[in-house]
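Side chains included, hydrogens not; waters and symmetry mates left out as well; all remaining heavy atoms used.
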Amino acid sequence: MSEDTALDDVESEVEEAPEDEIVVLAQKWKKKRGSLIMALHELQGRLGYVPRESAMKLGREMGIPLANIYEVLTFYNYFKLESPGKYIISVCTGTACHIKGSPKLLHGIENELGIKEGESTPDGEYHLQGVRCLGCCGLAPLASVNGKVYGKQDVTDAHGLLENVKRDEPMHVAAESADAE
């Protein structure tokens, strides 16, 4: 066996693995009534978004037309059809955060990254989204990056938030409480 043939075999195995996962996923949900949303949630949970090819494969395996899958994908804003960035920045726009200035924070991040809400940076590093509520109203205004909370943000310092994200320093409530004493 030549080195090129061995490399081709490895590459084809890598390309087939996601399809095998989709077959397993489809079998898990296929016979459960109303399970398409759950299957799509699980698929997005694994990949970070729902690629067209994966949606097509899932549809074939579950016996659901692609049009029906896209009805669900485009109706619910939770689903992403394009790969999000490495860092998914969610800025809370709920009432408490809005009053405390989250629109300014969101606008500052847009300017800092050169993208609009709902977009990803060209390098795939960041994806920016506004969300209705993160359930941490006492920490308003806040952002969440890949599930880590950055609370009580200075709405005029989007650059500072992004620097903390790069250093992976989410807000620590306990540390902040100790500083206040």
Side-chain angles (χ1 to χ4, degrees), residues 3-94 102 105-107 109-135 142-150 158 161-162 164-166 168 170:
E3 191 174 315
D4 290 337
T5 306
L7 184 58
D8 290 340
D9 289 343
V10 170
E11 287 176 358
S12 66
E13 286 177 24
V14 170
E15 291 170 10
E16 292 174 18
E19 287 192 13
D20 291 341
E21 288 182 26
I22 292 170
V23 171
V24 171
L25 179 85
Q27 293 305 315
K28 174 181 175 182
W29 294 105
K30 184 176 185 174
K31 296 185 182 188
K32 295 180 181 168
R33 184 175 168 92
S35 61
L36 177 59
I37 291 175
M38 298 307 296
L40 291 169
H41 270 277
E42 191 169 331
L43 180 60
Q44 181 166 292
R46 292 178 182 193
L47 303 174
Y49 72 113
V50 181
R52 180 175 172 78
E53 299 77 27
S54 297
M56 290 169 57
K57 176 76 172 179
L58 184 67
R60 280 193 304 273
E61 293 296 324
M62 291 183 74
I64 299 172
L66 186 61
N68 291 21
I69 291 175
Y70 270 85
E71 285 175 348
V72 171
L73 290 173
T74 57
F75 180 79
Y76 296 103
N77 69 359
Y78 167 81
F79 293 112
K80 293 176 178 45
L81 300 175
E82 295 179 9
S83 178
K86 177 180 173 184
Y87 297 104
I88 300 173
I89 303 171
S90 302
V91 177
C92 183
T93 60
S102 67
L105 179 61
L106 184 61
H107 185 68
I109 296 170
E110 287 176 335
N111 288 339
E112 189 75 24
L113 296 176
I115 59 174
K116 294 289 182 194
E117 178 184 350
E119 296 178 345
S120 296
T121 55
D123 63 3
E125 195 72 8
Y126 298 97
H127 178 79
L128 179 61
Q129 61 188 15
V131 294
R132 295 296 161 238
C133 185
L134 289 171
L142 65 107
S144 169
V145 182
N146 296 347
K148 295 180 181 177
V149 174
Y150 295 79
L161 171 65
L162 294 173
N164 284 337
V165 169
K166 288 178 187 174
D168 195 26

Nearest heavy-atom pair of [X] and [Y]: which atoms, and what distance?
X: I69; Y: A55; result: CD1-O, 3.4 Å
X: L47; Y: S54; result: CD1-OG, 3.8 Å
X: E61; Y: Q27; result: OE1-NE2, 4.1 Å
X: G48; Y: K80; result: O-CD, 4.0 Å
X: C92; Y: L134; result: SG-N, 3.6 Å

Exceeds 12 heavy-atom contacts within 6.0 angstrom, atom [atom1] of [X]:
X: F75; atom1: CZ; value: no
X: E125; atom1: CD; value: yes
X: H41; atom1: NE2; value: yes

For a 4.5 angstrom cut-off between non-hydrogen side-chain atoms, does [X] reach [Y]?
X: L113; Y: I89; answer: yes
X: M62; Y: L25; answer: no
X: N146; Y: Y87; answer: yes

Between [X] and [Y], is there a donor-acceptor pair closer than 3.5 Å when you use the side chain of the first and the backbone of the second?
X: T74; Y: Y70; value: yes
X: T93; Y: V131; value: yes
X: H127; Y: T121; value: no
X: E117; Y: G130; value: yes

Separation of [Y] [atom2] from [X] [atom1] (nearest 0.5 Å):
X: Y49; Y: L73; atom1: OH; atom2: CG; value: 12.5 Å
X: L43; Y: F79; atom1: CG; atom2: CZ; value: 9.0 Å
X: E110; Y: L105; atom1: CD; atom2: CG; value: 10.0 Å
X: Y126; Y: S120; atom1: OH; atom2: OG; value: 12.5 Å
X: K148; Y: N164; atom1: NZ; atom2: CG; value: 12.0 Å
X: M38; Y: K28; atom1: CE; atom2: NZ; value: 8.0 Å

State plainly whether the residues E42 and R46 are in salt-bridge range, i.e. N to O under 4.0 Å.
yes
Is there a side-chain contact (heavy atoms from CB on, under 4.5 Å) between I64 and L58? Walk through the geometry before answering.
CA-CA 8 Å; I64 299 172; L58 184 67; over 6 Å; no
